[in-house]
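Remarks on the structure that follows.
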Amino acid sequence: MTLVRHVATAAVLAVLLVIISSTVSPFRDYQMAEVACYVVAVAGLTVLVGLSGQISLGNGAFMAIGAYAAALLLLHLHWPLAVVLVAALAVAAAGGAVVGVAAARLRGPYLAGATLILAVALPSLALRYGLLGGDQGLTVVINSPGFLGPSFSLTRWQAWLTCGCALITLVLLANLARSRVGRSWRAARDDEVAAALAGLNVARLRVLAFVVSAACAGLAGALLAVTTSIVSPGAFTVTLSIGLLTAAVLGGLGTLPGAVWGSLVLVLVPTYVTDVASSHGLSSSVGSNIPVAAYGVVLVVVMLTFPDGIQGGVHRLSRPLASRLPAWPGAPRRRPPGPQFRAPASEHQEEGSL
Amino acid sequence: MNRSHRVGLPALAAVAALAMVVSACSSGSSGSGSKSTSGALTASAPGITATTITIGSHQPLTGVAAPGYDEIAPASNAYFDYVNAHGGIYGRKIVYKYLDDKYDPTSTVSVVKQLVLQDNVYAIFDGLGTPTHLAVAPFLNSEKVPDVFVASGCECWNSPSTWPETFGWQLDYVREGKILGTYIKQHFAGQKIGYFYQDDEFGKDGVKGLDDEIPQADVVSRQSYDPTNINVGPQVAALKASGAKVVVSFTVPAFTALLRLNSLKLGFSPTLVVSDVGSDPITLAGLLEAYAKQGGATVSGNQLTQGIITDGYMPTLGDTSNSWVALFKKIHDKYLPKLPFDGNVAFGEAVAYTFVQAMLKAGKNPARADLVKAIESGLPQGPAVAPYAYSASDHAGMTGAFIGVIKNGVIVKEGPVQVTNTSATGAVQSYTGTQPTAPSSGMP
Amino acid sequence: MTEFRELTLGGISVGMIYAAIALSLVLIWRATRILNYAQGGMAMFTTYIALLVINHTGSYWAGFAVALASGLVLGGVIERLVIRPAENKPPLNAIIITIGLLVFLEGLAGILYGGQFRSFPAAFSITGLHVGSAALGVSANDVFVAVAVLAAALLLAAGFRYTSAGLQLRASAFSPPVARLLGVRVGRMLTLGWALAGLIGALAGVLVSPSTFLYPNSMDSIFVLGFTAAVIGGLDSPAGAVAGGLILGVALSYVGGYLGSDLVPLFGLAALAVVLMVRPSGLFSPAATRQV
């Protein structure tokens, strides 16, 4: 029943998105496509960080893997797009498995540090090998498929493609989160020892979470490559990885609608603030830095006023409305999602007395 | 995940509301392309109205690539302000919309699509950066938007068959490498040469040009650097260990300064040959200023740049008798008093001057194609020291540069301008023509 | 041999900068269990303030002192205003807040001072020191940097161990409720922790800015490597921060000199991976074993 409900919601949203995309200008189509790409990546990250409790500052690296895989396959092997997307997803998932295994014993800030340097190091590989296009990157060109007609707008097709993939990803992740795997993740996140005692293979669960989140990031990277038509190291900086995490937490960690809110903020807020700043005709260095400073303020203020993110705020506001809906089973959250930064056990031994 | 059902309804409502807001914001119109034969000014193309011409650009205004480069667009804007104050282009004012792409190709695609699809600019002007502009060149060409005077020395902008709308402007890095390489071959024959270059297309193209001229046996060390890693000590140590007596560097000013400072620490003093972008004496002086001011200092700023050999494709800013320098300084002093009058500002004004030249040639009521045709029919030499090579089959731009030496903080020209092409076998020859003087009105 | 010596000494001097950033991260981690992603940004901002003072007064040491003082104040103010309200919320919120703070500080620096490179003076001569006619490959300023960071690390370690404030700081981090019961003003200790971290970060900023030139994003890549050094050394150990910084600085110097600069980030990753495989909590952290 969960699956049917999720698919039905996705179908309704799909119809809505098709209608919106058909009425708005090509630029808004492009923005929809951008948002959809980020939704895929942020959704994967929110599952990793929120449900499985592992902080990753390096999902941009998995996006890079997916993007480069897609670009190389399209350029050299000319595979059909659907196959390329799945292949890119698989390659990134493999990368996620490697990182997950290597990082299985790392916790909290150590995992954060490791994934951060991963985000820096992996794109630099592209500079070393000519096959990967070096600094200039690889150009990716796709066409809208034949069955839509020869004059179908490419931007619209990109919007449909990315939104479709985003909806499929959200449905799959929603099911995964509701399944035994999702519950196991939450159990291992909340108390690792208890979960292990209960028979869960914590290490395997952690690696699986990395694989899932890397697969999503890889798909998102491939979609981004197809939407922006270029894959280069400059597009996968640390800023991207940090942006994904910011979007996940800002939107509401551990929730899928939160991934949507976060992606909308990530794409739309900087553009909006830039428009406001430039329309006031300020001097260049002041005018161009105001959006930057403003974005920082937005992050701090939202996190302080909505500790559960935007989705938490929406939930609070919709509670009066929801109280009229039939109740459903589900225990209220006791522990916040995300990694728990506790003092290491050894400190108890090191400092025996105060 | 329990929430997905509960907030399904509010989520749908929010998405629907967002959709309505978004469609309300979307703009639609595009201008007609007809050419008017009467004297009246018409909206002859997207971005052109009876009173304005709107052009757009993508620039790194914030982020790690911003220092220095963030001066170029304001400088171009200053020149456009000057033109607007003196009658504009056939009476139309230029509106220059430049957006920040933080040197991230994904952002570049976003802002350029915004400029073209939403703001309906007439042309994209002076897009800065190679990886960033490569992300949008295919889009601009498929949308048939003129993509003029890209701010990058990549030879890739010269592809009239694949990218008919795209034009380069500044001297490309391969030509620069060849010109510098020829000078080194002539003056430092047989000595050990070391390369120090940025590990992107800027440095690699420069090295390609150098290798076309300098015998391979003379090159004893090739060290590259990543602009995000300021620790170039290891590379300088490697250069020193190789025994190089001449170091050729394709670096941005910050890294030229770092090369010098690290060499000072290691007691390494080769002859330094630096490409144009990295040798601007005013920028270098600014970077090394603190070492000059220190009480009891053992080094001074000027001393650190003395003797650097470089090339230049525009008149040197220290040559105040040059009419172009005087014009650009006048405009800088009036419109950009807070910025230093350095190479970036001169670059911005010069490329803006070239744009105005092209627009005047395009006619009173130009369509987009008229701008392209105007440039392809050839542009008269302006602030550049060598003529442009624009034609239907050549979209590259400048063809040559002079060699100069920094003496007491200014570049002193040495010898005639050298011109060449980008092929490995193309000869480097002297150009004997003289640069035309700047128009007294300041407008082409 | 000369190149090896030069690479080693150069690696040590840059490694001490990573160590300084690592120290401030360790301090905040030990005191408040938060990852301060804005550490580099705070250092950059206080260095701008120092530059203003230096340009106004012409005295380097006045600027140095003001930088340290403003680091102290900035750290304390940030903890009180922005971090304290997030105290009982999910820990990831605090990280996002520090990210927001970093972006804000970089934007503010751009607005106030402009985006161009600024030259920042060094405390002492940057010309290489010589023994006879042979250049050692290190300058007087490099020696100062190393001594300053080491002094800061030692003072910090001594402070933690031997002073009452240090004891209270550790107690507040270890168990705030128990510390409160024993009369420790936990809130003040958290502020003190951040203030000290701000001070050490400011020290790192003024020490490194002569080599990086000062601009709003100048500390970004230094921060990443400082963070890596902190993780290598163990986030709970000031000694580890210094060790991690030195190891990273020297190792990357060898890679850059002998193998090529494009391999440096990869080797940074490799070094981290190797250390964490063997000791998942860093080299100097007490081994946390929770085998079931």
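Keep in mind it's a predicted model, so treat the numbers as computed, not measured. Note on naming: letters A, B, ... go to the chains in the order of the sequence lines (proteins, then strands), and numbering restarts at 1 for each one.
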key: Heavy-atom pair count under 4.5 Å with chain C, highest-scoring of A/L304, A/L127, A/V302   = A/L304
ask   = Is it true that atom CZ of C/R84 has more than 12 heavy atoms of other residues, nucleotides or ligands lying nearer than 6.0 Å?
value = yes
Shortest non-hydrogen separation from [X] to [Y] and the atoms involved:
X      : Y      : result
C/L101 : A/V300 : N-CG2, 3.9 Å
A/N289 : C/G107 : CB-O, 3.4 Å
C/I95  : A/I55  : CD1-CD1, 3.7 Å
A/P307 : C/K89  : CG-CE, 3.3 Å
A/A114 : C/L276 : CB-CD1, 4.1 Å

task = Could you please spell out the steps behind the side-chain contact (heavy atoms from CB on, under 4.5 Å) verdict for C/T228 and A/L116?
result = CA-CA 8 Å; C/T228 309; A/L116 183 66; 5.9 Å; no
Portion of C/L108 that has a non-hydrogen atom of chain A nearer than 4.5 angstrom = backbone
task = Let me know if C/Y37 has heavy atoms under 4.5 Å from chain A in its side chain, its backbone, both or neither.
result = side chain
Please classify the contact between [X] and chain C as side chain, backbone, both or neither, with a heavy-atom cut-off of under 4.5 Å.
X      : value
A/A112 : both
A/V298 : neither
A/L111 : neither

inquiry  = Given 3.5 Å as the limit, does a donor-acceptor pair link the side chain of A/R128 with the main chain of C/L263, or not?
reply    = no
request  = Spell out, as yes or no, whether a donor-acceptor pair under 3.5 Å connects the side chain of A/Y110 to the backbone of C/I232.
outcome  = no
task = Could you grab the distance from atom CG of C/L92 to atom CG of A/L253, nearest 0.5 Å is fine?
result = 5.5 Å
Report yes if the side chains of [X] and [Y] come closer than 4.5 Å at any heavy-atom pair, otherwise no.
X      : Y      : result
A/S124 : C/L266 : yes
C/I97  : A/L299 : no
C/L272 : A/L118 : no

task = Report the C-alpha distance between A/V297 and C/V103 in whole Å, list the side-chain angles of each, state the deciding distance to 0.1 Å, and finish with yes or no for side-chain contact (heavy atoms from CB on, under 4.5 Å).
result = CA-CA 8 Å; A/V297 172; C/V103 173; over 6 Å; no
ask   = Between C/D220, C/L102, C/N93, which residue shows the highest count of heavy-atom pairs closer than 4.5 Å to chain A?
value = C/N93
